[in-house]
Amino acid sequence: MSRSDDLLAHLDRIQRQIEEASLNAGREKDSCRLLPVSKTKPASDLKILYDAGIRAFGENYVQEAVEKISTLGHQDIEWHYIGHIQSNKTRILAEAFDWIHTVDRLKIASRLNEARTGEPLNILVQVNVDQSASKSGVSLDALDALVEAIDPLPNLSLRGLMSIPDPTDSDHLKAAHDRLHDAFTHLQTAVSEPAKFDTLSMGMTNDLELAIASGSTMVRIGTALFGKRLPKE
Ligand SMILES: *Cc1c(COP(=O)(O)O)cnc(C)c1O
C-alpha cells in the first residue's frame with residue numbers, strides 16, 4: 001500500500017470510530033471533531049489529508065510547525081498548537097496559530113494577548129486532571145480564578161478546556177475525563193461568552209472512546225492516523 005492509501009484507510013477508520021463512539025454515548029454522530037496530530041510527520045502527509053478534506057492540524061514543536069505552515073498555507077487550514085509553551089515563544093505562537101490548547105498560567109495568556117493582532121486567538125486552558133505535581137496544566141483548585149483572569153483579555157477567545165491525563169487504566173482515565181467535563185459545564189455558566197466556550201479537547205489514540213463517552217468535543221489523534229512517531233532528535 002502507498003502512504004496515501006495507508007493514511008486514507010486510517011482516516012476512514014478513525015472517523016467511523018468517532019461516529020460510533022458518539023452514537024454509543026447517545027450523542028450526535030458529528031458532535032466530536034477529529035484533530036489530526038501531525039508532529040514529526042512530513043508536510044507531504046498533511047497534504048494527503050488536506051486533499052481528503054482535513055482542514056485542521058495539531059502541532060507540538062514551534063519551528064517544525066512554522067515550516068509546515070509556510071509550506072501548506074494558512075488561509076483555509078486551522079493550525080492548533082498543543083505543545084508546551086515557553087514564554088519566549090509566545091509571539092510566534094500568537095502570529096502563526098489559530099488555536100492554542102496548552103495555556104495554563106496567566107503570564108502566558110497575557111503575553112499571547114499582547115502579541116495577537118487581527119482575529120482573537122482561540123484559547124483552551126490546560127488542566128492537570130491527575131493532580132500530579134510534575135505535570136503541566138492548572139490545578140482544578142486554581143482553574144476558576146485563571147479562567148476569570150483570562151476571560152476579559154480582548155485578543156483571546158476563551159473556547160474551553162484541555163487535558164492530557166496519565167495513560168493509566170480505564171477507570172482512572174474515565175474519572176479524570178469526568179472531572180474535566182464537570183469543570184467545563186460548571187464554567188460554561190461563569191464565562192462572559194458561554195456560546196463560545198464550546199470545546200473540550202480530551203482524548204488521544206488510546207482513550208478516544210472513553211473521552212467521547214465523557215463529553216469530549218475534540219479528540220487529538222496522532223498514532224492511529226500517522227503510525228508510530230520516530231523519536232525526536
Ligand atoms: C502527541 C500528542 C497527541 C497525540 O497522541 P497519540 O497517542 O499519538 O494519538 C495528543 N495530544 C497531545 C498534547 C500530544 O502531544
Side-chain angles (χ1 to χ4, degrees), residues 33 35-39 55-70 72-129 131 135-164 179-202 216-220:
R33 281 180 75 188
L35 178 66
V37 172
S38 42
K39 61 177 171 231
R55 290 294 181 272
F57 295 103
E59 290 281 342
N60 291 59
Y61 307 108
V62 179
Q63 192 49 42
E64 179 194 323
V66 165
E67 283 164 27
K68 287 183 207 168
I69 293 170
S70 71
L72 288 156
H74 206 284
Q75 284 314 316
D76 67 341
I77 300 179
E78 239 179 37
W79 293 97
H80 294 241
Y81 186 73
I82 63 171
H84 178 70
I85 304 176
Q86 290 172 297
S87 57
N88 64 352
K89 295 284 165 57
T90 45
R91 174 157 303 277
I92 188 154
L93 290 175
E95 285 167 358
F97 285 86
D98 304 290
W99 287 69
I100 310 282
H101 289 227
T102 44
V103 174
D104 64 358
R105 52 198 200 278
L106 183 58
K107 180 186 162 199
I108 294 292
S110 303
R111 291 178 67 108
L112 290 170
N113 178 64
E114 277 161 29
R116 182 69 171 188
T117 52
E119 291 277 290
L121 180 61
N122 296 294
I123 295 291
L124 301 176
V125 172
Q126 183 181 351
V127 181
N128 180 354
V129 282
Q131 314 274 43
K135 289 185 61 186
S136 27
V138 63
S139 71
L140 280 162
D141 292 340
L143 174 61
D144 287 13
L146 180 60
V147 163
E148 197 180 315
I150 293 176
D151 195 22
L153 298 177
N155 300 320
L156 304 183
S157 180
L158 187 56
R159 298 299 301 271
L161 303 179
M162 178 269 202
S163 67
I164 313 174
R179 278 197 292 279
L180 192 69
H181 182 257
D182 285 350
F184 178 64
T185 39
H186 154 75
L187 282 167
Q188 268 174 331
T189 64
V191 294
S192 60
E193 292 197 79
K196 283 201 179 146
F197 196 80
D198 59 0
T199 302
L200 194 51
S201 166
M202 177 168 94
S216 171
T217 71
M218 192 184 287
V219 285
R220 309 179 306 266

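Note that the coordinates shown come from a computational prediction; the quantities given were computed from them, not determined experimentally.
- Considering all non-hydrogen atoms of both residues, F57 and S38 come closest at CB-OG, 3.6 Å.
- Without hydrogens or angle criteria, S216 side chain to M202 main chain gives a donor-acceptor distance under 3.5 Å.
- Among residues two or more places apart in sequence or in another chain, the side-chain contact (heavy atoms from CB on, under 4.5 Å) test is passed with T217 by R27, T199, L200.
- Residues satisfying the side chain to side chain donor-acceptor pair (under 3.5 Å) criterion with E119, sequence neighbours excluded, are absent altogether.
- A search for ring-ring contact (aromatic ring centres under 6.0 Å, His included) contacts involving H80 returns W99, H101, not counting sequence neighbours.
- No donor-acceptor pair under 3.5 Å is formed between the side chain of N128 and the backbone N or O of S139.
- Listed by first and then second residue, the salt bridge (charged side-chain N to carboxylate O under 4.0 Å, His left out) pairs that reach into residues 144-153 come to none, sequence neighbours excluded.
- Checked against side-chain contact (heavy atoms from CB on, under 4.5 Å), D182 has no partners two or more places apart in sequence or in another chain.
- Considering only residues two or more places apart in sequence or on other chains, D76 meets the side chain to side chain donor-acceptor pair (under 3.5 Å) condition with Y50, R55.
- In this structure a side-chain-to-backbone donor-acceptor pair under 3.5 Å is missing from H74 to I69.
- Note on residues 183-202: pairs passing salt bridge (charged side-chain N to carboxylate O under 4.0 Å, His left out), not counting sequence neighbours, are R159-D198, E193-K196.
- At least one donor-acceptor pair under 3.5 Å links the side chain of Y81 to the backbone N or O of N60.
- Shown here are the side chain to side chain donor-acceptor pair (under 3.5 Å) partners of Q126, two or more places apart in sequence or in another chain: there are none.
- Between the side chain of D104 and the backbone N or O of V138, no donor-acceptor pair lies under 3.5 Å.
- Contacts of E114 classified as salt bridge (Lys or Arg N to Asp or Glu O under 4.0 Å), with partners at least two apart in sequence or in another chain: none.
- Annotation: salt bridge (Lys or Arg N to Asp or Glu O under 4.0 Å) contacts of K39 (sequence neighbours excluded): none.
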Sequence neighbours excluded and cut-off under 3.5 Å, please list the side-chain donor-acceptor pairs for residues 88-95, or say none.
{"unit_1": "T90", "atom_1": "OG1", "unit_2": "S87", "atom_2": "O", "d": "2.9"}
{"unit_1": "T90", "atom_1": "OG1", "unit_2": "R111", "atom_2": "NE", "d": "3.2"}

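- R220 contributes a side-chain N or O that, together with a main-chain N or O of S201, makes up a donor-acceptor pair within less than 3.5 Å.
- Remark: A145 engages no residue in a side-chain contact (heavy atoms from CB on, under 4.5 Å) (not counting sequence neighbours).
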